[in-house]
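Below: one structure, written as C-alpha cells.
Predicted model, so just to flag it, every value in this text is computed and none were measured.
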Amino acid sequence: MEVPWLLVVHGSVTALVVVSFLCGQWPIFEGTFIQSINHFLTFGAYHYLLRFVQSVCGTGARDLVLGVEGYCCDRPNPILQVFYVAIIGVTYFIIVQTSFEYIPGYYVSGLHRYLSVVAVAVGAILFVLTSFSDPGTVTAENVSQYVSSYPYDNIIFVEKECSTCKITRPARAKHCRICDKCVARFDHHCGWMNNCIGEKNTRYFVAFLVWHFLICLYGATILGFILAGELKERKIIYILTVYYGIDNSFSGLFPHVAQWLLAVHNTQILLSVFLAILALLLGGFCAYHLHLCLTNTTTNETFKWQDYIMWMKKENEAKADAAALKSNIGSANSDAHKAPPSKWRAFFMRSRTPSVEPVVKNNIYDRGMIQNLCEVVVPLSERKAFSRRKSD
C-alpha cells in the first residue's frame, strides 16, 4: 500500500503549489503560508536563482538570464504557444496509445474514438482564431469610431492621448507594452496565445476556455468509465468479496480496488487525475471570464475599479476623520466655560463620528446581460453603425 500513499502525498503537494501560485495573493490568504509560498514562487525563487547564477557563473550569465526573461515576458514570442501544442499533442497521443484499446468497452461506445478527434480539432481551431486574429487594434483611421462607440466615464477612463501611438486613446482601450499597440476594450495580454485579448477576439478566447474545460471534463469522465468498465468486465468486486472474503463495503473494498487499478491501469488514473485538475482550473477561469462578459467588464477594468474604490475609501475616511476632529475641537471650545459632565455621563457618551460615504461602482458600459453578451459575440466594430460613427 505504499504506492497509493505516495500518490496522495504527490497530489497534495501539487494541489498546494497550484493553489498557492494562482490564489496566494487573495485577501483571504493574507499572512498565511499560502501567501508565503506564492511570494517564493513568483519572486523569491527567481531572485535566489539570479544570485546563485551570478555567484557561480558571473555577471555575464546573470545578464543572459535577464535577457531570456525579457524575451519571454516583455516581447511577443511563441514559447507558450508551442508548449500548449505539445501538451495537447502529447496528452492525446498517450490517450490513443494506452486507452483506445479499451474503446469500445462495457460503458464506453466506439463513437468516442471519433468524438475525441472532433473535440481536439475544434479546440485547435479556437486556439488559432484567438492567437492570430486581430484583437481590435486602434489606429489613426478607426480611432474616431472607437471614441464614439465607447464614451468616457470620467472615472477610470478620461480622454487623453497615447504617448506611444500619438492618437487619442478611446475609453476601455490600453496600450500593450508587449504588442506595442493600442487595443480596444483591452482585457489582458495572453502569453498562451501570444496575442492581446480585446474587443474582436474576446469571443474566441472565452469559447476556447469553455471548450477546453469541457474537453478535460469529457476526457476525465471517459477514462473513469473505462476504469469502471474494466472492474465490471474482470469481475474484480466479485473476486474480492467471494474468493478473498473482503467485506462488501466502500471502506473494505476501496484499498484493494485502488491497489489493483494502480497496478494495472496506472496510466489511465494519472491521465484522469491530470485532466480533472485542469478541468477545475479552467472551470475557475471560465466562470471568471463569463462573469466579465455578462457584466461588460474586462480584467483591466476590474483592476482599475479596485484601485479607484480603494483610493476613494481612503479619501472618504480621511474626510470623515477631519470632520470628526473639527467637530471635537468645536465642541471642546464651546464646552470650555461649562461645568464638566459627570464621569458616568462621559463614560457612556459615544463619539459622533460622521459615517464614511460608501463607494459605488458605476459601470456605464453594463447594459444588461443580454446586450453585454451580444457585444462580446458581435463586437461594435463589426456592426454597420460603427463605420458611420464619428467623434464629436
Between [X] and [Y], is any side-chain donor less than 3.5 angstrom from a side-chain acceptor?
{"X": "Ser133", "Y": "Tyr204", "result": "no"}
{"X": "Glu199", "Y": "Ser381", "result": "yes"}
{"X": "His189", "Y": "Asn195", "result": "no"}
{"X": "Asp247", "Y": "Ser249", "result": "yes"}
{"X": "His256", "Y": "Tyr244", "result": "no"}

Relative to the ring of [Y], is the ring of [X] parallel (under 30°), tilted (30 to 60°) or perpendicular (over 60°)?
{"X": "Tyr218", "Y": "His112", "answer": "tilted"}
{"X": "Tyr48", "Y": "Phe40", "answer": "tilted"}
{"X": "His265", "Y": "Tyr102", "answer": "perpendicular"}
{"X": "Trp311", "Y": "Tyr308", "answer": "tilted"}
{"X": "Tyr107", "Y": "Phe225", "answer": "tilted"}

Quick check: His212 with Phe127 (ring centres under 6.0 Å apart)?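 They do not qualify: ring centres at least 6.0 Å apart.
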Determine whether the aromatic ring centres of Phe285 and Phe208 lie less than 6.0 Å apart.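 They do not qualify: ring centres at least 6.0 Å apart.
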Are the side chains of [X] and [Y] in touch, meaning some heavy atoms are under 4.5 Å apart?
{"X": "Asp180", "Y": "His175", "result": "yes"}
{"X": "Glu375", "Y": "Arg203", "result": "no"}
{"X": "Thr302", "Y": "Thr298", "result": "no"}
{"X": "His291", "Y": "Thr295", "result": "yes"}
{"X": "Tyr288", "Y": "Thr299", "result": "yes"}
{"X": "Thr98", "Y": "Leu271", "result": "yes"}
{"X": "Pro135", "Y": "Lys181", "result": "yes"}
{"X": "Leu231", "Y": "Leu227", "result": "no"}

Side-chain donor/acceptor of [X] to backbone N/O of [Y], under 3.5 Å:
{"X": "Asn142", "Y": "Thr139", "result": "yes"}
{"X": "Thr241", "Y": "Tyr238", "result": "yes"}
{"X": "Ser55", "Y": "Phe52", "result": "yes"}
{"X": "Asn266", "Y": "Ile269", "result": "no"}
{"X": "Asp366", "Y": "Gly368", "result": "yes"}
{"X": "Gln81", "Y": "Trp192", "result": "no"}
{"X": "Trp305", "Y": "Asn362", "result": "no"}
{"X": "Lys235", "Y": "Lys232", "result": "no"}
{"X": "Asn201", "Y": "Gly198", "result": "yes"}

What is the minimum heavy-atom distance between [X] and [Y], and which atoms define it?
{"X": "Lys200", "Y": "Asp134", "result": "CB-O, 3.1 Å"}
{"X": "Asn372", "Y": "Leu294", "result": "ND2-O, 2.8 Å"}
{"X": "Cys165", "Y": "Cys182", "result": "SG-SG, 3.7 Å"}
{"X": "Ser116", "Y": "Phe100", "result": "OG-CZ, 3.4 Å"}
{"X": "Pro104", "Y": "Ser109", "result": "CB-C, 4.0 Å"}
{"X": "Asp187", "Y": "Leu292", "result": "OD2-CD1, 4.0 Å"}

As an exercise, state the distance from [atom1] of [X] to [atom2] of [Y], rounded to the nearest 0.5 Å.
{"X": "Asn363", "Y": "Ile155", "atom1": "CG", "atom2": "CD1", "answer": "9.0 Å"}
{"X": "Cys179", "Y": "Asn194", "atom1": "SG", "atom2": "CG", "answer": "7.0 Å"}
{"X": "Cys196", "Y": "Ile178", "atom1": "SG", "atom2": "CD1", "answer": "7.5 Å"}
{"X": "Leu380", "Y": "Ser149", "atom1": "CG", "atom2": "OG", "answer": "5.5 Å"}
{"X": "Ile364", "Y": "Asn154", "atom1": "CD1", "atom2": "CG", "answer": "8.0 Å"}
{"X": "Thr168", "Y": "Glu161", "atom1": "OG1", "atom2": "CD", "answer": "6.5 Å"}

Identify the residue among Thr297, Asn296, Asp153 that makes a side-chain hydrogen bond (donor to acceptor under 3.5 Å, both in side chains) with Arg172.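 Between Arg172 and the candidates, side-chain hydrogen bond (donor to acceptor under 3.5 Å, both in side chains) is satisfied uniquely by Asn296.
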Is there a side chain to side chain contact (heavy atoms under 4.5 Å, CB included) between Leu240 and Asn248? Walk through the geometry before answering. CA-CA 9 Å; Leu240 289 174; Asn248 190 9; over 6 Å; no
Group every Ile, Leu, Val, Met, Phe, Trp and Tyr by side-chain heavy-atom contacts under 4.5 Å, then state whether [X] and [Y] land in the same group.
{"X": "Trp260", "Y": "Ile239", "result": "yes"}
{"X": "Val120", "Y": "Phe93", "result": "no"}
{"X": "Val82", "Y": "Tyr92", "result": "no"}
{"X": "Val117", "Y": "Ile95", "result": "yes"}
{"X": "Phe303", "Y": "Tyr365", "result": "no"}

Would you call Arg185 and Glu301 a salt bridge, using N to O less than 4.0 angstrom?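 Here Arg185 does not pair with Glu301 in a salt bridge, since their nearest N and O are not under 4.0 Å apart.
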Check this for me, if you would: do Glu159 and Arg169 make a salt bridge, where the nitrogen-to-carboxylate-oxygen distance has to be below 4.0 angstrom?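 Answer for the salt bridge query: no.
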Applying side chain to side chain contact (heavy atoms under 4.5 Å, CB included) to Phe274 and Leu270, what does each step give before you reach the verdict? CA-CA 6 Å; Phe274 172 70; Leu270 291 175; over 6 Å; no
Count the heavy atoms of every other residue, nucleotide or ligand shown that sit under 6.0 Å from [atom1] of [X], and state whether that count exceeds 12.
{"X": "Phe254", "atom1": "CZ", "answer": "no"}
{"X": "Arg51", "atom1": "CZ", "answer": "no"}
{"X": "Arg75", "atom1": "CZ", "answer": "no"}
{"X": "Ile370", "atom1": "CD1", "answer": "no"}
{"X": "Tyr46", "atom1": "OH", "answer": "yes"}

What's the verdict on side chain to side chain contact (heavy atoms under 4.5 Å, CB included) for Leu253 and Ile237, showing C-alpha distance, side-chain angles and the deciding distance? CA-CA 8 Å; Leu253 288 172; Ile237 305 297; 3.9 Å; yes
I'd like to know whether Val147 forms a side chain to side chain contact (heavy atoms under 4.5 Å, CB included) with Tyr152, so could you lay out the CA-CA distance, the side-chain angles of the two residues, the decisive distance to 0.1 Å, and finally the verdict. CA-CA 8 Å; Val147 170; Tyr152 298 100; 4.1 Å; yes
